[in-house]
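Okay, so here's the structure we're looking at.
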Amino acid sequence: MSDDPPSPPIEGAWLMIRAELEGEEAPEAVAQKTVLAFASGNYSVSFAGEVMDRGTYELGGTLEGRTIVLIGESGPNAGRTIPGIYQLAGDRLRVCYGLDCVAPTDYETNSGDQRYLAIYRRIQR
């Protein structure tokens with residue numbers, strides 16, 4: 001029997017099924033080739049099988065307002081800290097990232113607000 005704490009429920013691999021940036025929906029072909037993975041405090045984003053971005057993540061908040069912070073280590077977000085909020089319902093994960101380093105308070109994206117909203121489906125635990 002292990003004394004290790006249980007892993008956070010978002011750990012695993014997630015296929016993007018929809019995304020929007022500043023109110024504009026991402027092309028479906030892009031979304032369907034993007035996979036977000038969480039493991040042991042680390043995250044990675046792959047596009048068409050190639051890791052494009054990686055770093056660490058921290059979770060916080062409450063069941064009513066869960067927060068996530070990505071700390072980029074390599075790729076286009078290297079050196080950036082990106083706050084966000086998330087909702088987890090079964091095998092669906094919704095994340096709204098504050099690309100302007102301001103934590104979002106809702107899941108809306110509008111022109112000029114520098115928010116990225118992504119919806120994922122779990123593909124692996």
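For this chain, numbers begin at 1 and follow the sequence in order. Keep in mind it's a predicted model, so treat the numbers as computed, not measured.
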Please name the pair of heavy atoms, one in P83 and one in P104, separated by the smallest distance, quoted to 0.1 Å. O-CD, 3.8 Å

Tell me, do I68 and L70 make a side-chain contact under 4.5 Å, heavy atoms counted? yes

Ignoring hydrogens, what is the shortest heavy-atom contact between C96 and L117? Give both atom names and the distance. CB-CD1, 4.1 Å

Indicate the atoms forming the closest heavy-atom contact of V51 with S46, along with that distance. CG2-OG, 3.6 Å

Taking the side chain from Y120 and the backbone from V95, do they hold a donor-acceptor pair closer than 3.5 Å? no

Euclidean distance, L21 CG relative to Q114 CD, rounded to 0.5 Å: 8.0 Å

Cluster question for you: counting only ILVMFWY and a side-chain heavy-atom cut-off of under 4.5 Å, with indirect links fine, are Y43 and V35 together? no

Within the structure provided, determine whether D106 and R115 are in side-chain contact (heavy-atom separation under 4.5 Å). yes

Do we see a donor-acceptor contact under 3.5 Å between the side chains of E22 and S111? no

Hey, is E25 close enough to R18 for a salt bridge, meaning N to O under 4.0 Å? yes

Would F47 end up clustered with I17 when hydrophobic side chains under 4.5 Å apart are linked, directly or stepwise? no

Can you check whether L93 reaches F38 side chain to side chain, under 4.5 Å on heavy atoms? yes

Which distance, rounded to the nearest 0.5 Å, do you find between the CG of D91 and the CZ of R121? 8.5 Å

With a 4.5 Å cut-off on side-chain heavy-atom distances among I, L, V, M, F, W and Y, is there a chain of contacts connecting Y97 to L88? yes

Are E73 and T56 side-chain neighbours, meaning at least one heavy-atom pair lies under 4.5 Å? yes

Which heavy atom of G98 sits nearest a heavy atom of I82, and at what distance? O-CG2, 3.7 Å

Would you say R80's side chain and L99's backbone share a donor-acceptor pair under 3.5 angstrom? yes

Run the side-chain contact (heavy atoms from CB on, under 4.5 Å) test on E24 and T109 for me, step by step, so that the C-alpha distance in whole Å, both residues' side-chain angles and the decisive distance to 0.1 Å come before the verdict. CA-CA 8 Å; E24 297 290 323; T109 69; over 6 Å; no

Given the ring of Y86, does R94 sit roughly above its face, with NZ or CZ under 6.0 Å from the centre of the six-membered ring and within 45° of the axis? no

A side-chain contact here means heavy atoms from C-beta on lying under 4.5 Å apart; do R66 and I10 qualify? no

Any donor-acceptor pair under 3.5 Å linking the side chain of E11 with the backbone of S40? yes

Run M52 and T34 through side-chain contact (heavy atoms from CB on, under 4.5 Å) and show every step you take. CA-CA 10 Å; M52 306 301 286; T34 302; over 6 Å; no

E28 atom CD, neighbour heavy-atom count above 12 within 6.0 Å: no

Flag the pair I85 / Y107 as yes when at least one side-chain heavy-atom distance between them is below 4.5 Å, and no otherwise. yes

Ignoring hydrogens and angles, tell me if any N or O in the side chain of T67 forms a donor-acceptor pair with the backbone of G60 under 3.5 Å. yes

In one Ile/Leu/Val/Met/Phe/Trp/Tyr side-chain cluster, 4.5 Å: L36, Y57: yes

Can you name the closest pair of heavy atoms from Y116 and A19 and give their distance? OH-CB, 3.4 Å

